[in-house]
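Taking it in order: structure first as structure tokens, then the write-up.
Order of the sequence lines sets the chain letters (A, B, ...), proteins ahead of strands, with each chain counted from 1. The figures here come from the full heavy-atom set of this structure, side chains too, leaving out hydrogens, waters and symmetry mates.
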2 protein chains.
Amino acid sequence: MDNLPVLLRSYGIQPTLQRLAVAEGVLGMDSHPSADQVLARIRERYPTISRATVYNTLNLFVKKRLLRTQNLRDGTVLFDPNAGPHHHFVDEETGEVLDVAWDAIRVAGLESLDGLEVSEFQVVMRGRRRSRN
Amino acid sequence: MDNLPVLLRSYGIQPTLQRLAVAEGVLGMDSHPSADQVLARIRERYPTISRATVYNTLNLFVKKRLLRTQNLRDGTVLFDPNAGPHHHFVDEETGEVLDVAWDAIRVAGLESLDGLEVSEFQVVMRGRRRSRN
DNA sequence: ATCGCTACTTAGACTACGTCCAAATTCGCT
DNA sequence: AGCGAATTTGGACGTAGTCTAAGTAGCGAT
Ligand SMILES: [Mn+2]
Ligand SMILES: [Mn+2]
Ligand SMILES: [Zn+2]
Ligand SMILES: [Zn+2]
């Protein structure tokens, strides 16, 4: 979060003003926003940014591997600032998406799948957040 | 596949002509079609069916738990005739979705997730189909 | 058979998400 | 400053999905 221009350059991204705004928006967000959530947030501070630019920039960030996309919800792609391997929990009441640490879960048996070369995987969980007493 | 009216009734679904056509289409398909793929297929035999009816019917089947939906692809929901628990493999070249048997994979550690009550889960794998020599 | 009620189907309008385009602006370099 | 490349922009466009209001079919009671 500190030096965004340096971060963007380290991913091969020219840090323009708009891109910095998108980076600040998407990285400093309750995780897994949709493009339009990012757009709305950025426009609070930068009301003139265009929708096309936000979509272009998010897609650029994905291509450069600063972000990932996730298909965890009907109808819209979510952008994930956590580009490393991890799992996901979806709260079925609120739709909220939570990260689950890679090491918290063990998955066995992928090697023996006949005919399938798995290059990546994740566990997708659905349920409710347990009430804390 | 045998007696579709009886099958539909057993799920609490009134078997109309249109619903039988949708059931025949979606159940007898290379798995995981989108709504519009189902529509196209049904119209080969039943050219007058409306798009709204296909969407209505698929959503009804999901509500009655004859089908499930899966979010495995950008931009469109896939309908899954396999309503029981299983995992998925997505071929990143073709987009093809394959079922992976529940027992082929072991997942451990879900119990110890703090604050999360997991009611269902699946492993989502991406990769390529291994070339058969 | 007719009535009346409910369930279902239908075409088309409409919304939401995302991409594309062509013009305008900005950037990086000499 | 001047030039070509990269970026941004508004708006048109495409597509998946829902909604609405009217039409149709089914069904039980009289
Ligand atoms: Mn959105
Ligand atoms: Mn479709
Ligand atoms: Zn995540
Ligand atoms: Zn499946």
Once you round it to whole Å, what is the distance between [atom2] of [N] and [atom1] of [X]?
| X | N | atom1 | atom2 | value |
| --- | --- | --- | --- | --- |
| A:Q37 | C:dA16 | CD | P | 14 Å |
| A:D36 | C:dC17 | CG | C1' | 7 Å |
| A:I49 | D:dG11 | CD1 | C1' | 17 Å |
| A:L58 | D:dT7 | CG | P | 15 Å |
| A:K64 | D:dA6 | NZ | P | 12 Å |
| A:L20 | D:dT7 | CG | P | 13 Å |
| A:Q18 | D:dA6 | CD | P | 17 Å |
| A:L78 | C:dG18 | CG | C1' | 14 Å |

Return the nearest nucleotide to the side chain of B:A52; candidates are D:dG17, C:dT10, D:dA12.
C:dT10
State which of D:dG17, C:dG18, C:dT10 makes the closest approach to the side chain of B:S50.
C:dT10
So, is [X] near the phosphate of [N], with a side-chain N or O under 4.0 Å from OP1 or OP2?
| X | N | value |
| --- | --- | --- |
| A:Y55 | C:dG18 | yes |
| A:N59 | C:dG18 | no |
| B:T53 | C:dT10 | yes |

Determine whether the side chains of A:H88 and A:D99 contain a donor N or O and an acceptor N or O closer than 3.5 Å.
yes
Are B:R106 and A:R106 side-chain neighbours, meaning at least one heavy-atom pair lies under 4.5 Å?
no
pair B:P33-B:L78: side-chain heavy atoms closer than 4.5 Å:
no
Could you tell me whether the side chain of A:R51 has a donor or acceptor atom within less than 3.5 Å of a complementary atom in the base of D:dG10?
no
Please work out if A:N56 contacts a base, only the sugar-phosphate, or nothing of the nucleic acid, heavy-atom cut-off 4.0 Å.
base
For DNA chain C, the residues among residues 8-17 of chain B that have a non-hydrogen atom under 4.0 Å from it
B:Q14, B:T16
